[in-house]
Structure formats: structure tokens, C-alpha cells
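Here the structure comes first, spelled out in C-alpha cells, and everything after it is commentary.
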Number of protein chains: 2
Amino acid sequence: MDSKQKARYEAQAGIIKALAHPSRLFIVEELNRQKRCVSELTEMIGVDTSTVSKHLGILKNAGLVLHEKKGTTVYYQLRMPCLLDFINCVESVMEANALGQMETMISCKIK
Amino acid sequence: MDSKQKARYEAQAGIIKALAHPSRLFIVEELNRQKRCVSELTEMIGVDTSTVSKHLGILKNAGLVLHEKKGTTVYYQLRMPCLLDFINCVESVMEANALGQMETMISCKIK
DNA sequence: TTCTTATTTGGCAATATTGCCAAATAAGAA
DNA sequence: TTCTTATTTGGCAATATTGCCAAATAAGAA
């Protein structure tokens with residue numbers, strides 16, 4: 001793997017890492033529904049405001065969300081709606097995993 | 001967020017975390033092209049065999065790859081091809097980021 | 001059986017991520 | 001100006017991830 005390729009995979013991994021957290025996935029899904037400010041998201045998630053702010057910072061830094069300020073309130077929105085197709089794919093992995101486990105269980109019972 | 005929802009986001013994040021590493025992204029793309037054994041991937045990536053084996057273990061554990069043994073060699077393959085659509089989405093985020101930076105630069109020059 | 005080759009596992013140090021608290025900043029209201 | 005409300009930043013301890021080396025395991029060959 002040459003260094004250009006390596007840099008590309010590192011950049012991709014950076015973006016994916018930004019998604020790889022339960023609260024941030026929740027934020028992405030919620031922001032797909034509508035714009036939300038930090039305190040709204042904080043209440044929904046149920047962790048410290050500073051923690052939510054940092055999660056939003058990570059998403060912003062990865063280029064996944066946009067923000068706009070209205071008074072003291074900051075509204076965030078999803079930048080790339082294609083992210084949801086991706087989450088659907090993750091869901092199908094989860095389904096396939098569950099099915100696989102089911103099959104294993106059943107074939108054990110039969111034997 | 002109730003505990004069921006929370007569990008779902010944690011499961012999703014678990015799968016995404018499995019993808020969130022440069023070497024593992026390379027592996028996923030390469031396995032989409034063809035089945036590969038550990039030593040082939042090791043040579044392509046250029047890290048210790050044990051490291052590659054652990055990366056494959058992480059992907060296997062997340063249900064992203066399947067494996068079959070032939071003699072002493074273990075061949076891995078991609079389980080969910082939809083993962084590539086997802087990587088395409090990540091690429092479009094990267095493009096959008098690059099475009100955004102370009103715009104910022106240009107608008108600075110104009111002013 | 002022993003030898004070889006492929007892979008996995010255990011253990012560890014180096015590094016990265018997380019989530020809290022406290023403090024700083026920002027902007028409108030009084 | 002001070003007060004309040006919303007958000008971000010700094011710092012830190014707890015936890016998770018990474019990648020190496022060494023050792024273990026697995027299976028065919030001699």
C-alpha cells in the first residue's frame with residue numbers, strides 16, 4: 001500500500017470514526033429529521049451538555065454536520081443525507097448477524 | 001432515549017467501529033474484489049501478521065466477513081457488499097469537505 | 001513421529017477516546 | 001453596565017484501541 005493510498009484510507013477512517021459512537025449516531029439520525037440545538041440534543045441523549053457539544057464538534061470536524069447561530073443558540077443540521085443509507089446497511093448487517101445466530105441455534109437443536 | 005434505543009445505537013456503533021480503521025477499510029475493499037488469505041493481506045498492508053489476524057478477528061466478530069479454512073490457510077471474504085455503498089458515501093463526504101475548503105480559500109483570495 | 005508453514009492468542013506499552021466538572025466565551029435582556 | 005442563558009474549551013481520570021513480540025495452535029509433509 002503506497003503512502004497516497006494510506007492517506008486515503010486514513011481520511012476515510014477519520015470520517016467513519018466520527019460516526020462510531022452511540023450518541024453521535026443518535027445525533028445523526030435526529031438531525032436528519034430536523035435541525036436541533038445543543039440543549040435539545042442534550043436533553044434527548046441525557047448526558048452532560050459539554051459532552052454533547054464535544055460530540056457535535058467531532059461531527060462538525062469530520063464535515064458531517066453544519067451549524068448556524070441564532071442568538072446564543074446554535075442549530076446543527078445534517079450535511080450528507082447519504083449517511084442514512086449507510087446506517088441502513090449497518091442495520092442489515094445486524095439483521096444478518098441475528099439470523100446467523102438463529103440458524104446456529106436451530107441447527108444445534110436439530111442435531 | 002430509552003434503554004432499548006440505547007442498545008440499538010450501541011450495536012450499530014459496534015459495527016461501525018469495526019470499520020473505523022485504515023487497515024480494516026483496506027481489507028474490506030480488497031475482500032470485495034476477491035477472497036484473500038491472511039498472509040496475502042499481511043503482505044499488502046505491510047504490518048505484522050498477528051496485527052492483520054486481529055483486524056480480521058474484529059471484522060469477523062462484527063459479522064462483516066466470513067472465513068473458510070483450506071489446509072493451514074484461512075480465506076476471508078466480504079459478507080455484506082452493501083458496505084461499499086457506504087464507503088462511497090464516505091468518499092462523497094470527503095469530496096464535499098475538499099470542495100468546502102476550496103471555497104473558503106477562494107473567497108478569502110477575492111476579499 | 002518431527003518439521004514446516006499459516007494463523008491465532010496472550011501480554012504489554014503506547015496512544016486515543018470518553019465524559020465529567022469547572023471555567024471561559026458569546027449574546028441578548030434588564 | 002450586570003445578569004442570564006447557551007455553548008465551548010481545558011483538564012483530567014477511566015477506559016478502549018493499536019501493534020508489536022513471543023508463544024500456542026492447527027494441519028499437511030517428510
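Keep in mind that what you see is a predicted model, and the values were worked out from it rather than measured. So you know, we letter chains A, B, ... as the sequences are listed, proteins then strands, and number each from 1.
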Practice task
Can you figure out which of D/dC20, C/dA27, C/dC20 approaches the side chain of B/V47 most closely?
Solution key: D/dC20

Handout entry: Side-chain donor/acceptor of B/E40 to backbone N/O of B/C37, under 3.5 Å
Key = yes

Problem - Nearest-Å distance for atom pair NZ/P, residues A/K69 and D/dT7 - result: 9 Å

Practice task
Provide, to the nearest angstrom, the distance between the CD1 atom belonging to A/I58 and the P atom belonging to C/dA16.
Solution key: 14 Å

Practice task
Name the nucleic acid region contacted by B/S53, choosing base, sugar-phosphate or nothing; use a 4.0 angstrom heavy-atom cut-off, strictly under.
Solution key: base

Exercise for the section: Verify the contact: side-chain N or O of B/Y76 to OP1 or OP2 of C/dT8, cut-off strictly under 4.0 Å; return yes or no. Expected result: yes

Exercise for the section: Using whole Å, report how far CZ of A/F26 lies from P of C/dT18. Expected result: 17 Å

Problem - B/F26 and A/Y9 aromatic ring geometry - parallel, tilted or perpendicular at 30°/60° bounds - result: perpendicular

Problem - Distance in angstrom units between B/E40 CD and C/dT7 C1', rounded - result: 14 Å

Practice task
May I ask which nucleotide in the shown strands pairs with C/dT1, Watson-Crick or G-U wobble, both distances under 3.5 Å?
Solution key: D/dA30

Exercise for the section: Identify which nucleotide among D/dC21, D/dT8, C/dC20 has an atom closest to any side-chain atom of B/D48, counting heavy atoms from C-beta outward. Expected result: D/dC21

Handout entry: Backbone N/O of B/A62 and side chain of A/N97: donor-acceptor pair under 3.5 Å
Key = yes

Exercise for the section: Would you indicate, yes or no, if C/dG19 has its OP1 or OP2 atom less than 4.0 angstrom from a side-chain nitrogen or oxygen of A/H21? Expected result: yes

Problem - First of A/K17 and A/K60 reached from the 5' end of DNA chain D, by closest nucleotide - result: A/K60

Fill in the blank from the handout: Rounded to whole Å, the CG-P distance (B/L59 to D/dT18) equals 11 Å

Practice task
Could you please name the option among C/dT8, C/dA22, D/dT7 that lies closest to any side-chain atom of A/S50?
Solution key: C/dA22

Completion exercise
Partner of C/dT17 under the Watson-Crick or G-U wobble criteria, both distances under 3.5 Å, comes out as D/dA14

Handout entry: OP1 or OP2 of C/dG19 under 4.0 Å from side-chain N/O of A/H55
Key = yes

Practice task
If C/dT25 has a Watson-Crick or G-U wobble mate with both distances under 3.5 Å, name it; if not, just say none.
Solution key: D/dA6

Problem - A/S39 side chain near D/dT7 phosphate (N/O to OP1/OP2, under 4.0 Å) - result: yes

Handout entry: Expected output: side-chain A/S53 to main-chain A/T49 donor-acceptor under 3.5 Å
Key = no

Exercise for the section: State whether the side chain of B/R79 and the backbone N or O of A/A96 hold a donor-acceptor pair below 3.5 Å, judged by distance alone. Expected result: yes

Completion exercise
A/I45 CD1 to D/dT7 C1', in whole Å, measures 15 Å

Handout entry: Candidate nucleotides D/dT7, C/dA27, C/dT7, ranked by approach to the side chain of B/C37 - the nearest
Key = C/dT7

Exercise for the section: Please state how far atom NZ in A/K54 lies from atom C1' in C/dA24, giving the value in whole angstrom units. Expected result: 13 Å

Fill in the blank from the handout: Checking C/dT8, D/dA27, D/dT7 against the side chain of B/T72 (C-beta onward), the nearest is D/dA27

Fill in the blank from the handout: Taken to the nearest whole Å, CG/B/N61 to C1'/C/dT8 is 14 Å

Exercise for the section: Could you check if a side-chain atom of A/F86 sits within less than 4.5 angstrom of a side-chain atom of B/I16, using non-hydrogen atoms only? Expected result: yes

Practice task
Classify the nucleic acid contact of A/T51 as base, sugar-phosphate or nothing, counting any heavy atom under 4.0 Å across all strands shown.
Solution key: base

